[in-house]
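Have a look at the structure below, then the notes.
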Protein chains: 2
Amino acid sequence: MATIRELARQCGVSVATVSRVFNRPEVVNPDTRKNVLDTAARIGYLPNESARTLATKKSHMVGLVWDTHHRRPGWRHPFLQEILIGLKTALSDRGYHLLMLATGDGEGSHDRAVRRHDLDGVVFIDDGTEDPALLRLAGSGVPCVSLDRPVTGPRATHVISDNAGGARGAVHHLHGRGRRAIATIAGPVRTAPGAERLAGYRAALAELGLPARGEYVAEGDFYLAGGHAAMRRLLELDERPDAVFVAGDEMAIGAIRAITEAGLRVPEDIAVVGFDDIELAALVQPGLTTVAQDKAGFGTAAATALIAMIDDPAAAPPPPAVLPTTLVVRGTA
Amino acid sequence: MATIRELARQCGVSVATVSRVFNRPEVVNPDTRKNVLDTAARIGYLPNESARTLATKKSHMVGLVWDTHHRRPGWRHPFLQEILIGLKTALSDRGYHLLMLATGDGEGSHDRAVRRHDLDGVVFIDDGTEDPALLRLAGSGVPCVSLDRPVTGPRATHVISDNAGGARGAVHHLHGRGRRAIATIAGPVRTAPGAERLAGYRAALAELGLPARGEYVAEGDFYLAGGHAAMRRLLELDERPDAVFVAGDEMAIGAIRAITEAGLRVPEDIAVVGFDDIELAALVQPGLTTVAQDKAGFGTAAATALIAMIDDPAAAPPPPAVLPTTLVVRGTA
DNA sequence: CTGAAAGCGCTTACAG
DNA sequence: CTGAAAGCGCTTACAG
């Protein structure tokens, strides 16, 4: 590998000049600049990132804390792949790479990695658990953006869907279809999406002048089995609902299964609206009517927020990005 | 951040000694070793990775080339998330991090990133297209392991499922269920999984003494719509098949849809076996009988192979890892 | 607009 | 078993 010294020699300039053409090209004479660039291309010179990072403390790498937890082994984000695409694309457009942080090598592994590698920022995508290492990280002053949950810190912000708005829209849609006994299967209220979607459901009920019945709220866990179990509880009610807003698509699929097993039909007997718009939603039959999240938008918004913080160390963190949702009407409501 | 110099000062030793306790602890006096380790923990010393990499040319980072191509924008690997988990876990157990390589910043971006960051190795997970940058990388001498496709290079190997064996098993299963007119919907034969599964299908036919009819082979593209279209072609045949081995679960779901639309039943009229065992396979109704791949095994095997090459620069690359498959019998065959 | 020099935080022969 | 010193490949005031 050609080094900066070798390139400088071949161009007859100092290494300082070569360095400048790569970092502040505008300050160097156009002719020498061109010469340096040309011979760099010819001999295949590439600035070494470790040396750069060592000198500048900027690694041009962003950490991704994606927790494949001990506590919740099989945790899957409903659309990790899409988020990754958005993140990676937006980041690489700005010259940043994504470093997937190993987890589980003991407490505090994340902040250690951040310091050892001089990471410029980090994005969290976790299951909402209060991990002390994450809190410490967010509090430490490195730019952080978290997905799907609020964080606090001097340079931390988050991106989240308009969960309440999406939920409201779903309930209004159900109401528009003539349903009046509208139940919900909520996500865990300790998570922001769980709590906000439930709040949106309640708000819509109030707006529509529908009674808020406690027994119409069943809590699930965002997984299929949880949705199934919650629906069974709902089906045992004396006044069976004629519609249910389910706070996650996987749970909605489980709920539909429970309804079918009970000998009832969707949407005729009970209409169902989900949330997320996972791939599966379009593939089941009938297609799942659901509140779609802007999947790629998560990645893009996270990258944008992160880079804003990285570019201006003095600025306050950008406000949380709230992504609009879209109701996708298919067959279940 | 405490540096090695600061730590050395506090311990009353030279930086060389401190460096040794972290890199070759066995050569330093147990007492001084303990002292260094203790004060390191106390003052929160962490070796800086950039400085290490600069000095040693080992970054302890492995690149992941995951092509979200221009040529095939929406390309999704059926179980990227699971592979990522396996990879990340196995890698981090050995102290390596995963760097997701940006793509699209022009030709050759991958090999440039590898050189700039002194990556210790790279794993490819792509759609099988012949990307010159990848070939160059594999030929360059950095340890490479590719998923789902063979590669050649001085230090390259790959991990792949026993595609032919899995396909054979599927056809034998169909035969055991009494089916004799067994068709297949193949993946693109330019991909290794596509070609090998087709070969396995043909081998099984021969073993079973069944005729190999050209019109019973329909080529799909691994996507749902392709499977749907291929099945429609098969349904138009004079001698309609009574079973079909579909080389991918998504295509299988599409095929089932086509069968249903034609007013036929699965498995009564036509039995279906898929390949992959994607999440969806267990969720559709009836459940899809399919050849399961060892998802986490991909990541683990890739990490193992990579680390073997990294650890012994002189050794020949390990032979390709061929992962066994498992037939999962559900409702469609 | 350009160069000489110090410095970033480690590792590693080489002596002892 | 340990230390002094050179070196890894850059960047960045500081002069000029």
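- We find that CG of B:N29 is positioned 11 Å from P of D:dG3, with the value rounded to whole Å.
- Contacts of B:N23 classified as side chain to side chain donor-acceptor pair (under 3.5 Å), with partners at least two apart in sequence or in another chain: B:S19, B:R52.
- Residue contacts shown for B:S19 include a base, since a base heavy atom lies under 4.0 Å away.
- C:dG16 and C:dT12 have their C1' atoms separated by 16 Å, with the value rounded to a whole Å.
- Looking at B:R20, its side chain comes within 3.5 Å of the base of D:dG3 through a donor and an acceptor atom.
- Nucleic acid contact class of B:L7 (heavy atoms, under 4.0 Å, all strands): none.
- Between the CG atom of A:D120 and the OG1 atom of A:T53 there is a distance of 8.0 Å, given to the nearest 0.5 Å.
- Per the geometry, CG belonging to B:N35 stands 11 Å off P belonging to D:dT2, to the nearest Å.
- For A:I4 and C:dC8, the CD1 to C1' distance is 14 Å, given to the nearest whole Å.
- Remark: C1' of D:dC8 and CD of A:E49 are 15 Å apart, rounded to the nearest angstrom.
- The shortest distance between the side-chain N/O atoms of A:T17 and the OP1/OP2 oxygens of C:dT2 is not below 4.0 Å.
- With no hydrogens or angles considered, a side-chain donor-acceptor pair links B:S161 and B:Q293 at under 3.5 Å.
- The distance from atom CZ of A:R115 to atom P of C:dG9 is 13 Å, rounded to the nearest whole Å.
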Start with the C-alpha gap between B:R115 and B:D111, add the side-chain angles, then the distance that decides, and say whether salt bridge (charged side-chain N to carboxylate O under 4.0 Å, His left out) holds. CA-CA 6 Å; B:R115 287 163 56 203; B:D111 34 332; 5.6 Å; no

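- Of the possible polar contacts, one joining the B:S59 side chain to the B:D118 backbone as a donor-acceptor pair under 3.5 Å is found.
- With both pairing distances under 3.5 Å, C:dA15 is matched to D:dT2 as a Watson-Crick or G-U wobble pair.
- A:F22 comes within 4.0 angstrom of nothing in the nucleic acid, heavy atoms only.
- Between the CZ atom of B:R5 and the C1' atom of C:dC8 there is a distance of 11 Å, given to the nearest Å.
- Heavy-atom distances to DNA chain D give each of B:E26 and B:K57 a nearest nucleotide, and the one nearer the 5′ end belongs to B:E26.
- Along DNA chain D, the nucleotide closest to B:L54 and the one closest to B:S14 are compared, and the more 5′ of them pairs with B:S14.
- A:T32 comes within 4.0 angstrom of the backbone, heavy atoms only, and of no base.
- Distances shorter than 4.0 Å separate some side-chain N or O of A:N23 from OP1 or OP2 on D:dT11.
- Comparing C:dC1 with C:dA5, their P atoms sit 24 Å apart, to the nearest whole Å.
- The interatomic distance linking B:R52 (CZ) with C:dT12 (C1') rounds to 13 Å, in whole Å.
- Rounded to an integer number of Å, the gap from CG of B:L46 to P of C:dG9 is 13 Å.
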